[in-house]
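As structure tokens, the structure follows; a few thoughts come after it.
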Amino acid sequence: MSQTRQTKKKPGSRLKQLLVRTAPGNRSQGILQAGPLRIRTALGRSGTTSRKREGDGATPIGSMRLLYGYRKGRGTGTARTTLPVSEMRADMLWCDASRHPAYNRPVRAPFSASHEQLLRADELYDLVIVMDWNIRMRKRGCGSAIFFHIARTGYTPTEGCVAIRPRDMQRLLPYLGTDTRLQVL
């Protein structure tokens with residue numbers, strides 16, 4: 001009789017892929033698979049889509065590389081990671097105006113076009129990881145600010161991002177790198 005042995009990831013080893021599937025019976029929640037772990041997630045209010053459009057509230061179906069992150073302050077207790085992570089400042093914004101040249105890019109205040117504030121009063125962006133959705137090969141109107149970040153209590157829907165509990169983010173961070181891809185199925 002053969003036995004299956006489950007191995008733990010060693011600190012310093014990287015996860016190459018995170019898989020996200022829609023949760024049964026709730027299109028705005030999902031299940032993230034990270035190796036043997038299964039983690040509850042919040043997804044976009046409109047569920048998932050293969051035809052992402054700006055403002056549709058859907059999480060894009062696709063494979064997205066984790067690029068870099070931002071954290072709120074030094075005292076946020078962020079676990080170590082090989083992802084480049086910068087401290088947020090009050091003037092940091094993200095442009096979501098599809099006709100602006102800086103569309104789906106970080107910008108600084110003052111900025112008159114439509115944008116999202118990165119430094120928030122709530123905990124959603126205490127740690128935010130930028131995923132390569134519409135960044136390297138940017139198309140206007142195909143979605144902006146698609147992040148991997150902290151979920152609201154109760155896993156209420158996002159505007160199109162993937163969000164998990166702070167504790168789960170801290171558990172995953174040591175195993176994430178720029179070679180990790182988050183794939184939404």
Side-chain angles (χ1 to χ4, degrees), residues 18 20 28 41-49 51-166 168-170 172-173 176-178 180-182 184:
L18 304 172
V20 178
S28 65
T41 68
L43 300 174
R45 70 179 185 276
S46 301
T48 60
T49 185
R51 296 176 160 256
K52 178 69 182 152
R53 302 302 302 159
E54 186 67 40
D56 65 4
T59 300
I61 292 172
S63 181
M64 299 163 268
R65 196 166 59 92
L66 304 184
L67 299 175
Y68 54 90
Y70 298 108
R71 64 179 161 80
K72 187 191 293 185
R74 294 180 194 270
T76 56
T78 301
R80 292 184 157 224
T81 182
T82 61
L83 280 169
V85 178
S86 303
E87 189 173 334
M88 281 185 226
R89 293 181 316 276
D91 67 344
M92 295 176 82
L93 313 170
W94 196 273
C95 178
D96 58 13
S98 61
R99 295 195 182 271
H100 195 278
Y103 176 61
N104 202 25
R105 298 282 187 263
V107 293
R108 293 185 187 235
F111 186 75
S112 59
S114 180
H115 62 273
E116 188 168 338
Q117 180 79 36
L118 291 179
L119 189 61
R120 298 170 57 121
D122 60 21
E123 69 176 358
L124 296 188
Y125 289 179
D126 282 4
L127 178 70
V128 59
I129 297 172
V130 178
M131 299 188 294
D132 190 12
W133 177 260
N134 201 24
I135 291 186
R136 275 188 311 139
M137 296 180 65
R138 183 174 50 156
K139 291 183 182 176
R140 302 208 186 279
C142 288
S144 64
I146 303 298
F147 301 140
F148 184 36
H149 64 78
I150 305 302
R152 290 182 184 92
T153 304
Y155 297 91
T156 58
T158 68
E159 295 298 313
C161 300
V162 176
I164 61 176
R165 291 184 320 170
D168 292 328
M169 185 68 85
Q170 293 302 318
L172 286 179
L173 269 178
L176 303 180
T178 54
T180 304
R181 298 183 82 77
L182 188 145
V184 178

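Source: prediction; values computed, not measured.
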For the side chain of [X] and the backbone of [Y], is there at least one donor-acceptor N/O pair under 3.5 Å apart?
{"X": "Arg105", "Y": "Ile135", "answer": "yes"}
{"X": "Arg71", "Y": "Val85", "answer": "no"}
{"X": "Arg140", "Y": "His100", "answer": "yes"}
{"X": "Thr59", "Y": "Gly44", "answer": "yes"}
{"X": "Gln117", "Y": "Ala90", "answer": "yes"}
{"X": "Thr180", "Y": "Leu66", "answer": "no"}
{"X": "Arg152", "Y": "Pro157", "answer": "yes"}
{"X": "Lys72", "Y": "Glu123", "answer": "no"}
{"X": "Thr41", "Y": "Val162", "answer": "no"}

Could you measure the distance from the [atom1] atom of [X] to the [atom2] atom of [Y]? Nearest 0.5 Å is fine.
{"X": "His115", "Y": "Met92", "atom1": "NE2", "atom2": "CE", "answer": "13.0 Å"}
{"X": "Leu119", "Y": "Asp126", "atom1": "CG", "atom2": "CG", "answer": "9.0 Å"}
{"X": "Glu159", "Y": "Ile146", "atom1": "CD", "atom2": "CD1", "answer": "9.5 Å"}
{"X": "Ser98", "Y": "Arg138", "atom1": "OG", "atom2": "CZ", "answer": "11.0 Å"}
{"X": "Asp132", "Y": "Arg181", "atom1": "CG", "atom2": "CZ", "answer": "7.5 Å"}

Taking the side chain as C-beta and beyond, is there a heavy-atom pair between [X] and [Y] under 4.5 Å?
{"X": "Arg89", "Y": "Arg108", "result": "yes"}
{"X": "Trp133", "Y": "Val184", "result": "no"}
{"X": "Asp96", "Y": "Glu54", "result": "yes"}
{"X": "Cys142", "Y": "Asn104", "result": "no"}
{"X": "Tyr103", "Y": "Asn134", "result": "yes"}
{"X": "Ser86", "Y": "Tyr68", "result": "no"}
{"X": "Thr178", "Y": "Leu67", "result": "no"}
{"X": "Phe148", "Y": "Leu172", "result": "yes"}

Return the minimal non-hydrogen interatomic distance between [X] and [Y], and the atom names on each side.
{"X": "Tyr155", "Y": "Arg165", "result": "OH-CG, 2.7 Å"}
{"X": "Lys52", "Y": "Ala58", "result": "NZ-O, 2.8 Å"}
{"X": "Ala145", "Y": "Cys161", "result": "O-SG, 3.3 Å"}

**Item:** Criterion side chain to side chain contact (heavy atoms under 4.5 Å, CB included) on Val130 and Tyr70, from CA distance to verdict
**Value:** CA-CA 8 Å; Val130 178; Tyr70 298 108; 4.0 Å; yes
**Request:** Classify the ring geometry between Tyr125 and His149 as parallel (under 30°), tilted (30 to 60°) or perpendicular (over 60°).
**Result:** perpendicular
**Asked** Does the side chain to side chain contact (heavy atoms under 4.5 Å, CB included) test come out yes or no for Ile129 and Leu173, once each step is laid out?
**Response** CA-CA 10 Å; Ile129 297 172; Leu173 269 178; 4.1 Å; yes
**Chi angles and distances behind the side chain to side chain contact (heavy atoms under 4.5 Å, CB included) call for Asp122, Ile150** = CA-CA 10 Å; Asp122 60 21; Ile150 305 302; over 6 Å; no
**Request:** Decide side chain to side chain contact (heavy atoms under 4.5 Å, CB included) for Val128 and Met88; before the verdict, give the C-alpha distance in whole Å, the side-chain angles of both, and the deciding distance to 0.1 Å.
**Result:** CA-CA 10 Å; Val128 59; Met88 281 185 226; 3.8 Å; yes
